[in-house]
Amino acid sequence: MQTAASWSYLNNPFDNVTKRSYKRMMALATDHRAKLKNNCADPDIDILYQQFEGKYIAFRRAYDLSHRSSGAYMAATQRVEALFAELSGMQIRKWDIAIQAQYIEGTPEYTDLMPEFRQPFQRGAYDSRLAAVRVLSEALNSYPALTIVQHDVQKFSEALEESRTVQQGRENDEQTLSRNLEDAREQLASVMQGILGYLIYKYQGDVGRVEGFYEMLYIRSPKTDTAVSLKTYKIAANGRISAFEGQLENSAYVTLRNTGVMPI
């Protein structure tokens, strides 16, 4: 367990300025690495560089993996969204029309197959809509006259299930890699703080030389707006909104709270 420091001089400046920006840490650490390496002719600096290098490589690897995973998750999500849009549009209309060609709305057979009409396929959480497709596929097995429809529903259900499984797997990967990235950032910030302490000791009496190992632009805390802006938006089921366009900088962050009953 780490001991919390109450003395402000012991706070880690590298951790403080990169808590919400891995991009900032990458820029800061890459610049620091180059400046350490450029001074490796000094044995003391060479030792610091060797200590820094391992944590830097680990952070860079975690950074790359996290960004790659984020892209894969976004792509998987797009595929799922496209399939569910197809389900709520063309697919359920096609199945409903084919069923009514045999059993008109209001008949016991139609009620058995489509008790809530098209609604379960067009509204609600993804998993409940996926369940509705599975239930319909199973129910259609009792109606030989609708064998072709049953095969189509089953095929689409399998494609939807597979796409959803892949998406959820990608989401889990992204969450794991995000945690790994944060761990790597913290470890890199820690070793950078240790290096700073050594440099201050090495150059005592001439501490201005320490600044030569850093790009101060990355270390100085970005300006922050102390006023918290609270905004409320209403989003229709399966809808999208555009918020804060052109208002956010690289150091900004947004906290979302879902006050409704539908997942987002």
Side-chain angles (χ1 to χ4, degrees), residues 18-27 29-30 56-95 118 120-137 151-186 188 231 233-258 260-264:
T18 63
K19 280 186 183 295
R20 299 187 181 95
S21 178
Y22 297 117
K23 183 178 180 181
R24 189 181 184 92
M25 173 56 95
M26 179 59 74
T30 300
Y56 172 79
I57 295 299
F59 171 76
R60 188 173 68 182
R61 177 61 175 164
Y63 182 91
D64 292 347
L65 287 174
S66 181
H67 278 65
R68 176 67 189 94
S69 175
S70 178
Y73 173 58
M74 290 173 63
T77 298
Q78 286 180 331
R79 295 186 186 99
V80 168
E81 289 175 344
L83 283 173
F84 275 103
E86 184 180 348
L87 169 64
S88 64
M90 179 187 69
Q91 289 295 344
I92 188 54
R93 288 199 300 269
K94 180 178 68 174
W95 299 335
R118 301 179 185 180
F121 306 89
Q122 297 174 318
R123 299 180 185 177
Y126 281 169
D127 291 333
S128 65
R129 292 160 65 188
L130 179 54
V133 179
R134 291 196 305 267
V135 170
L136 177 59
S137 176
H151 289 166
D152 191 42
V153 174
Q154 182 176 347
K155 182 179 179 181
F156 190 84
S157 174
E158 291 170 354
L160 197 57
E161 187 98 45
E162 174 63 20
S163 182
R164 180 68 169 148
T165 299
V166 169
Q167 182 210 22
Q168 291 175 317
R170 293 282 187 264
E171 181 180 20
N172 182 259
D173 290 344
E174 184 184 35
Q175 291 171 348
T176 298
L177 291 171
S178 292
R179 288 193 295 269
N180 293 345
L181 177 57
E182 176 60 14
D183 289 343
R185 184 198 67 81
E186 291 177 352
L188 182 57
K231 294 186 178 182
Y233 298 91
K234 290 184 178 181
I235 309 175
N238 303 310
R240 294 172 181 268
I241 63 166
S242 177
F244 304 107
E245 186 171 355
Q247 301 177 39
L248 303 179
E249 299 178 352
N250 289 338
S251 58
Y253 67 99
V254 175
T255 300
L256 300 178
R257 181 183 178 190
N258 181 11
V261 297
M262 300 296 292
I264 60 172

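Side chains included, hydrogens not; waters and symmetry mates left out as well; all remaining heavy atoms used.
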For Ala132, what residues pass the side-chain contact (heavy atoms from CB on, under 4.5 Å) criterion, not counting sequence neighbours?
Pro120, Phe121
Using a cut-off of 6.0 Å, state whether more than 12 heavy atoms not belonging to Arg61 lie near its atom CZ.
no
Are any non-hydrogen side-chain atoms of [X] and [Y] less than 4.5 angstrom apart?
X      : Y      : value
Lys19  : Arg185 : yes
Arg129 : Val133 : no
Leu65  : Asn180 : no

Quick one: list whatever passes side-chain hydrogen bond (donor to acceptor under 3.5 Å, both in side chains) with [X], sequence neighbours left out.
X      : result
Ser70  : Glu174
Gln168 : none
Thr30  : Tyr56
Ser137 : Gln150

Just jot down the ring pair (Phe, Tyr, Trp, His ring centres under 6.0 Å) partners of Tyr22, sequence neighbours excluded, or say none.
none
Residues at least two apart in sequence or cross-chain that pass ring pair (Phe, Tyr, Trp, His ring centres under 6.0 Å) with His151, listed by chain then number, are none
So does Asn172 get a backbone contact from the side chain of Thr176, meaning a donor-acceptor N/O pair under 3.5 Å?
yes
List for me each residue that meets salt bridge (Lys or Arg N to Asp or Glu O under 4.0 Å) alongside Arg179, sequence neighbours excluded, and say none if there are none.
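Listed in chain order: nothing, the list is empty.
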Identify, with sequence neighbours excluded, every residue that meets salt bridge (Lys or Arg N to Asp or Glu O under 4.0 Å) alongside Asp173.
none
Closest heavy-atom pair, Ser66 versus Ser178, reported as atoms and distance to 0.1 Å, is OG-OG, 4.0 Å
Closest heavy-atom pair and its distance - Ser69, Leu177
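For Ser69 versus Leu177, the nearest heavy atoms are CB-CD1, 3.3 Å.
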Could you give the side-chain donor-acceptor pairs of residues 75-86 under 3.5 Å, partners two or more places apart or in another chain?
from: Thr77; atom 1: OG1; to: Tyr73; atom 2: O; distance (Å): 2.9
from: Thr77; atom 1: OG1; to: Gln167; atom 2: NE2; distance (Å): 3.2
from: Glu81; atom 1: OE1; to: Arg240; atom 2: NH2; distance (Å): 2.5
from: Glu81; atom 1: OE2; to: Arg240; atom 2: NH2; distance (Å): 3.2
from: Glu86; atom 1: OE2; to: Gln91; atom 2: NE2; distance (Å): 2.9

Only pairs at least two apart or in different chains count here, so list each ring pair (Phe, Tyr, Trp, His ring centres under 6.0 Å) that has a residue in residues 154-186.
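Listed by first then second residue: Trp95-Phe156.
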Test: salt bridge (charged side-chain N to carboxylate O under 4.0 Å, His left out). Region: residues 155-168. Which pairs qualify, not counting sequence neighbours?
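Counting only pairs at least two positions apart or across chains, the salt bridge (charged side-chain N to carboxylate O under 4.0 Å, His left out) contacts touching residues 155-168 are Asp127-Arg164, Arg134-Glu161.
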To the nearest 0.5 Å, how far apart are OH in Tyr63 and CZ in Arg68?
15.0 Å
